[in-house]
Amino acid sequence: MTGTQAAAQGRPARLGALFLGLAGLALLVAAWWLATDVLAAEGSFARRFSPTSTFPALIGLLGGSDLWTHVAVSLKRVLVGLAAALLVGVPLGLLVGASRLAEAATTPAFQFLRMISPLSWMPVAVMLFGVGDKPIYFLLAFAAVWPILLNTAAGVRQLNPQWLLLSKSLAATGWETLSRVILPGVLGQVVTGLRLAIGISWIVLVPCEMLGVQAGLGYFILDTRDRLAYDQLMAVVLVIGVIGYLLDSLARAVIRRVGPA
């Protein structure tokens with residue numbers, strides 16, 4: 001079967017999946033409308049979060065510049081946190097995956113730290129780094145480093161030993177073995193860990209941006225609450241969900257590209 005024929009046969013399946021996904025979203029919006037506009041009592045507080053007021057507010061926010069400023073600030077913080085997590089998590093993952101001694105020495109400590117909620121460190125981060133972006137970077141990196149580290153270590157353990165033997169038989173240097181055998185071999189696992197890290201970071205970001213900063217989607221939610229602009233608050237919640245979905249979709253596309261054929 002040619003690639004064109006395979007693509008043609010797979011197109012109906014993709015269209016069906018798209019239709020089901022849209023239907024699921026429509027059901028979610030319908031349930032939201034039912035809960036706030038039909039089941040909620042007239043004049044109740046729940047009616048302030050209705051989709052009939054949220055979607056017009058969302059259109060208004062999308063047409064302005066304030067929302068995009070907050071989105072850009074939040075994305076920058078997530079990218080910096082992920083970059084720091086990669087710089088720490090990948091080398092540690094390579095070490096833990098390659099050395100049984102390092103694995104035995106670090107696993108209890110890593111599992112202990114991994115089980116502590118990143119938000120638990122918020123007071124410590126503020127006392128150490130002050131108010132601003134630095135404590136947010138620290139918290140996001142702390143949240144994101146564990147899936148990257150563990151997936152990298154798992155990728156090293158799953159490497160085909162024959163690849164390493166071939167590299168050794170060809171008298172490859174340590175750097176050549178790392179750059180041409182190990183790193184390409186674990187790339188799929190690293191990207192999978194990165195996808196998990198993106199989801200965790202995006203969830204942790206919003207409460208982190210309530211640490212006294214003056215921009216970001218988390219700050220914007222607090223601002224809309226203080227202004228009693230509940231329609232805009234729900235609109236920002238929708239924006240957070242859409243951006244998170246797009247980031248995850250991008251990560252899944254990268255996984256499909258670098259994964260095994």
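Heavy-atom basis, side chains included; hydrogens, waters and symmetry copies ignored.
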Does W146 have any ring-ring contact (aromatic ring centres under 6.0 Å, His included) partners at least two apart in sequence or in another chain, and if so, which?
-> F110, F142
Taking only residues two or more places apart in sequence or in another chain, which ones pass ring-ring contact (aromatic ring centres under 6.0 Å, His included) with F138?
-> F129
Report the C-alpha separation of F220 and V239 in whole Å, then their side-chain angles, then the decisive distance to 0.1 Å, and conclude whether the side-chain contact (heavy atoms from CB on, under 4.5 Å) test is met.
-> CA-CA 11 Å; F220 200 13; V239 169; over 6 Å; no
With a 4.5 Å heavy-atom cut-off, do L183 and L187 have their side chains touching?
->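 Heavy-atom side-chain distance check fails, nothing below 4.5 Å.
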Pairs where residues 82-94 contributes a residue and the test side-chain hydrogen bond (donor to acceptor under 3.5 Å, both in side chains) is met, not counting sequence neighbours |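 For residues 82-94, and leaving out neighbouring residues, there are no side-chain hydrogen bond (donor to acceptor under 3.5 Å, both in side chains) pairs at all.
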Hydrophobic cluster mates of V38, side-chain heavy atoms under 4.5 angstrom, ILVMFWY only, any path?
-> W33, L34, L39
By side-chain contact (heavy atoms from CB on, under 4.5 Å) - contacts of T69 (at least two apart) | none
Partner set under side-chain hydrogen bond (donor to acceptor under 3.5 Å, both in side chains) for T36, not counting sequence neighbours =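 With neighbours one apart ignored, the set is empty.
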List in chain and number order the residues that pass side-chain hydrogen bond (donor to acceptor under 3.5 Å, both in side chains) with E103, two or more places apart in sequence or in another chain; answer none if no residue qualifies.
->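 For E103, the residues satisfying side-chain hydrogen bond (donor to acceptor under 3.5 Å, both in side chains) (neighbours in sequence not counted) are R100, R157.
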Applying salt bridge (Lys or Arg N to Asp or Glu O under 4.0 Å), can you list everything that pairs with [X], at least two apart in sequence or on another chain?
X: R47; value: E42
X: R225; value: none
X: D223; value: R227

Anything under 3.5 Å between a donor and an acceptor, one on a side chain of residues 208-215, the other on a protein residue two or more places apart or in another chain? List them.
from	atom 1	to	atom 2	distance (Å)
E209	OE1	S74	OG	3.1
E209	OE1	L217	N	2.9
E209	OE1	G218	N	2.7
E209	OE2	S74	OG	2.9
E209	OE2	R77	NH1	2.8
Q214	NE2	G212	O	3.4

Donor-acceptor pairs under 3.5 angstrom involving side-chain atoms of residues 189-206: please list them, not counting sequence neighbours.
from	atom 1	to	atom 2	distance (Å)
Q189	NE2	Q158	OE1	3.0
T192	OG1	G188	O	2.9
R195	NE	D248	OD1	2.7
R195	NH2	D248	OD1	3.4
R195	NH2	D248	OD2	3.1
S201	OG	A197	O	2.8
W202	NE1	I240	O	2.8

